[in-house]
Amino acid sequence: MLQRVDVEEKRLDDYHPIVGEEVIAEIRCLAEPLRSARVVHVNATAYGGGVAEILQTLVPLMRDLGMEAEWQVIEGSDAFFNVTKACHNGLQGMDLPFTDEMKAVWRRYNERNAARFEGEYDFVIVHDPQPAGLRYYQGDGAGDRPRWIWRCHIDTSHPNPAYWDFFVPYLTLYDAGVFTMEQYVGPGLTFRHLAIIPPTIDPLSPKNRPMEPDRARGIVARFGVDVDRPLITQVSRFDPWKDPLGVIDAYRIVKREVPEVQLALVGSMASDDPEGWTFLDRTIRHAGEDFDIHILHNFHGVGPVEVGAFQTVSDVIVQKSIREGFGLVVAEALWKGKPVIGGNAGGIPLQVIDGQTGFLVDSVKACADRILYLLRHPEESARMGAAGKEHVRRNFLITRHLRDYLALFRRLTEA
Ligand code: UDP
């Protein structure tokens, strides 16, 4: 048995006041013939990162619709997760070697996990490259005729060929591929069914549900931040693609003009991301002795509620990614009514409409300029934040995600 992840109960009706009658009715209608469908999501980690965040809500809502939905995680050693991190980077185009030994580690753990994968399912959704070999090694297991879906959360548009050529044969075995954006589908990869489904956030999760400003201020103050002075925040893993070092550089430019400004870099350490610790060290060194830079992670007690509090209290939210899958943190911040200054990468431009819901930036200097602009124009900042919240309500809430999965299931069963 693969390890099962426990999830809370959630009810679709609770989303009614936020998304409206029509959205709920459409979901119920799509779900009707899928009642009691057996669905399993498989990924690499139960905690940390966007995939875990999504599954925590998607799985319970599928259950609420009558499906037998489950979430299971694969197991791996440090060696395996080092290899899968390289795969993540290589598939996103990083120039790094993929040795025969690394390939053997990946195959070995995928084979082992496939051997432990049990049960009968109608839909098996495998998330990301780590467990992508499950379909191959499982053969015709997992019941009579499950539909196999590979859900890719990363940008494989310009992959390193050493990695891509290795992965493609495993991927083409799936009945369907799901990508965040059309242009993320790497060269030559085709599926019988392709669905484009951008990720979404749960407006009722502890991180995203509305928080009283005083409570949020109290929480942020506990981490040593002076809530009466301006605060810039970036919430993300400590990862080169997220460019925390660039955020520190932008903050330093701002600080010359607004000496009271503070910066919070908030990042959880995912269990499948060993590189995170190394990059955290680099970030801390880059920050040096500046006590107005607060570098925090889950081991400091920054959980979902605290992340929500930082997003609620901050004057400016930055997500200066150089490469990005989607950037759930952007939707989370917009949902708090905050404009976001985002790197012009991946799914960020879907969310940050330049000049309307925030600003898109390509450099440290541009990032600093936009931070200064928002700090100096609080009314405009509030107006952009309100537009951002509405943009998320229409396009990036979990109900839309659920609807898209149901529509895909229907396509696969009716095909
Ligand atoms: N996150 C968190 N605590 C942190 C840092 C991040 O809960 O200290 C969450 C964040 O709120 C978001 C997810 O982890 O929901 C990250 O998703 P995103 O798509 O932004 O990036 P990924 O890590 O998947 O590349």
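Just follow the structure's listing: the first ligand is 1, and inside any ligand the first atom is 1. The figures that follow rest on heavy atoms only: side chains count, while hydrogens, waters and symmetry mates do not.
In the vicinity of Gly267, heavy-atom distances shorter than 4.0 Å reach the ligand 1 atoms 4 (C), 5 (C), 8 (O). Residue Arg237 approaches ligand 1 through these ligand atoms, each under 4.0 Å from one of its heavy atoms: 22 (P), 23 (O), 25 (O). Shown in contact with Glu53 at under 4.0 Å from a heavy atom are these atoms of ligand 1, numbered in order with element: 15 (O). Less than 4.0 angstrom separates some heavy atom of Gly327 from each of these atoms of ligand 1: 19 (O), 20 (O).
Polar contact with ligand 1: absent for Gln311 (N/O pair, distance under 3.5 Å). Between Val329 and ligand 1, at least one pair of N/O atoms sits closer than 3.5 Å.
When only non-hydrogen protein atoms are considered, atom 21 (O) of ligand 1 lies nearest to Lys242 NZ, 3.1 Å. If you check which protein heavy atom lies closest to atom 8 (O) of ligand 1, you get Ser268 N, 2.8 Å. For atom 7 (O) of ligand 1, the nearest protein heavy atom (residue, atom name, distance) is Lys207 NZ, 3.0 Å. Counting only heavy atoms of the protein, atom 19 (O) of ligand 1 lies nearest to Leu328 N, 2.8 Å. Shortest contact from atom 15 (O) of ligand 1 to any protein heavy atom: Glu332 OE2, 2.4 Å. Among protein heavy atoms, atom 24 (O) of ligand 1 sits closest to Gly50 N, 2.9 Å.
With respect to the salt-bridge test (charged N to carboxylate O, under 4.0 angstrom), the residues Glu324 and Lys242 qualify. Electrostatic pairing of Asp78 and Lys85 does not count as a salt bridge here, judged by no charged N lying under 4.0 Å from a carboxylate O. In this structure, Lys336 does not pair ionically with Glu332, as no charged nitrogen and carboxylate oxygen lie closer than 4.0 Å. Salt bridge Glu111/Arg108: absent, no basic N to carboxylate O contact under 4.0 Å. Of the charged side-chain nitrogens involved, at least one lies within less than 4.0 Å of a carboxylate oxygen, so that Lys255 and Asp292 count as a salt-bridged pair. By the 4.0 Å N-to-carboxylate-O rule, Arg63 lies too far from Glu9 to be salt-bridged with it. A salt bridge does not link Arg147 to Asp175: none of the charged side-chain nitrogens sits closer than 4.0 Å to a carboxylate oxygen.
With a 4.0 Å heavy-atom cut-off, ligand 1 is reached by the side chain of Val235 but not by its N, CA, C or O. The part of Val307 lying near ligand 1 is the side chain, judged by heavy-atom distances below 4.0 Å. With a 4.0 Å cut-off on non-hydrogen atoms, Gln319 does not touch ligand 1 at all.
No donor-acceptor distance shorter than 3.5 angstrom exists from the side chain of Glu182 to the backbone of Ile196, with no hydrogens or angles considered.
Each of Arg209, Arg400, Lys207, Lys10 was checked for a salt bridge (charged side-chain N to carboxylate O under 4.0 Å, His left out) with Asp202, and the lone residue meeting it is Lys10. Applying side-chain contact (heavy atoms from CB on, under 4.5 Å) to Val42 and the options Ile125, Leu2, Asn113, Asp128 leaves one that passes, Leu2.
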